[in-house]
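Remarks on the structure that follows.
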Amino acid sequence: MKSVRLPIALQQAIMRSLREKLQQANQRLDSDYPEPRLTWQQRGTAAGTAWLQSWEIRLNPVLLLENQQAFIDEVVPHELAHLLVWRRFGRVAPHGKEWKWMMETILEVPARRTHQFEVASVQGKTFPWRCRCQQHHLTVRRHNRVLRGETEYRCVRCGERLQPGDYQPAAG
C-alpha cells in the first residue's frame with residue numbers, strides 16, 4: 001500500500017486536539033492518564049481505532065486528509081474516549097453508556113458511533129449479497145469467509161441470513 005504523506009501542520013493539529021482533550025479529561029476525572037501513542041496506520045473505511053492494551057490510537061491517513069476538521073473535532077475524541085473508558089471502567093460495551101458519558105460529559109463532544117465520511121477513496125472491492133429486505137455489500141474478506149464456510153452474516157433489519165447475488169425485493 002502506498003503511504004500517504006500528511007502535512008506536518010495537520011499532524012500537529014491532531015496532536016494538539018489529542019493533548020487538549022486528554023488534559024480536559026484528566027482534570028475532570030481527577031486522573032493522570034498518559035498520552036496515548038498515535039499512529040497513521042488505520043486502513044479501510046474506519047476513520048480510526050483505539051487499541052486498548054497498547055494504549056494507542058490509529059487514524060486513517062486518507063480519510064484524515066479528506067476530512068481534516070472532523071478528525072480534529074470528532075474522531076480524535078471518539079477514539080480517546082474508548083481508551084479512557086477502558087482504563088476507568090474496564091471492558092464494557094464499546095459505545096455503551098460509559099462511552100457516551102465520557103464523550104458528552106467529560107470531553108464535551110456529541111456521541112456519534114460512526115462517521116459519515118465519503119469512503120469511495122478507501123473502499124475496496126465489494127460483493128453483492130441479499131436478504132429479503134435489501135442488498136448488502138460484503139468486503140472481499142467477509143465474502144471469502146462465507147464461501148469457505150467459516151461464518152455467516154445476517155441482516156440486522158430483518159434477521160435473514162445473507163445469500164449471494166443481487167437484491168430481489170420480496171413479492172407482496
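Everything quoted here is computed from the prediction, not taken from an experiment.
Rounding to the nearest 0.5 angstrom, the gap separating the CG atom in Asn67 from the CG atom in Leu64 is 8.5 Å. How far CZ of Arg157 is from SG of Cys133: 5.0 Å, rounded to the nearest 0.5 Å. Annotation: the span from Met102 atom CE to Arg88 atom CZ amounts to 6.0 Å, rounded to 0.5 Å. Annotation: the span from Leu59 atom CG to Leu38 atom CG amounts to 5.0 Å, rounded to 0.5 Å. Here CZ of Arg87 is found 8.0 Å from OH of Tyr33. Values are rounded to the nearest 0.5 Å.
The main-chain N or O of Leu65 is found under 3.5 Å from a side-chain atom of Gln68 such that the two form a donor-acceptor pair. Ser17 places a side-chain N or O within 3.5 Å of a backbone atom of Ile72 that can act as its donor or acceptor partner. Counting only distance, with no hydrogens or angles, the side chain of Asn60 and the backbone of Gly48 share no donor-acceptor pair below 3.5 Å.
A cation-pi arrangement, defined by a distance under 6.0 Å to the six-membered ring centre and an angle within 45 degrees of its axis, is present between Arg58 and Trp51.
The 12-atom threshold is exceeded at CZ of Arg154, counting heavy atoms of other residues, nucleotides or ligands nearer than 6.0 Å. Residue Arg148 places its CZ atom among more than 12 non-hydrogen atoms of other residues, nucleotides or ligands, all under 6.0 Å distant.
Leu84 places none of its side-chain heavy atoms less than 4.5 Å from the side chain of Ile106.
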Next on the checklist: What verdict does the side chain to side chain donor-acceptor pair (under 3.5 Å) test give for Glu79 and Thr49, after you've listed the backbone C-alpha separation in whole Å, the side-chain angles of each residue and the deciding distance to 0.1 Å?
Outcome noted: CA-CA 6 Å; Glu79 301 308 334; Thr49 51; 5.9 Å; no
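Under the rule for a side-chain contact (heavy atoms from CB on, under 4.5 Å), Arg5 has no partner lying at least two apart in sequence or in another chain.
The side-chain hydrogen bond (donor to acceptor under 3.5 Å, both in side chains) with Trp129 is formed by just one residue from the set Gln135, His143, Gln134; it is His143.
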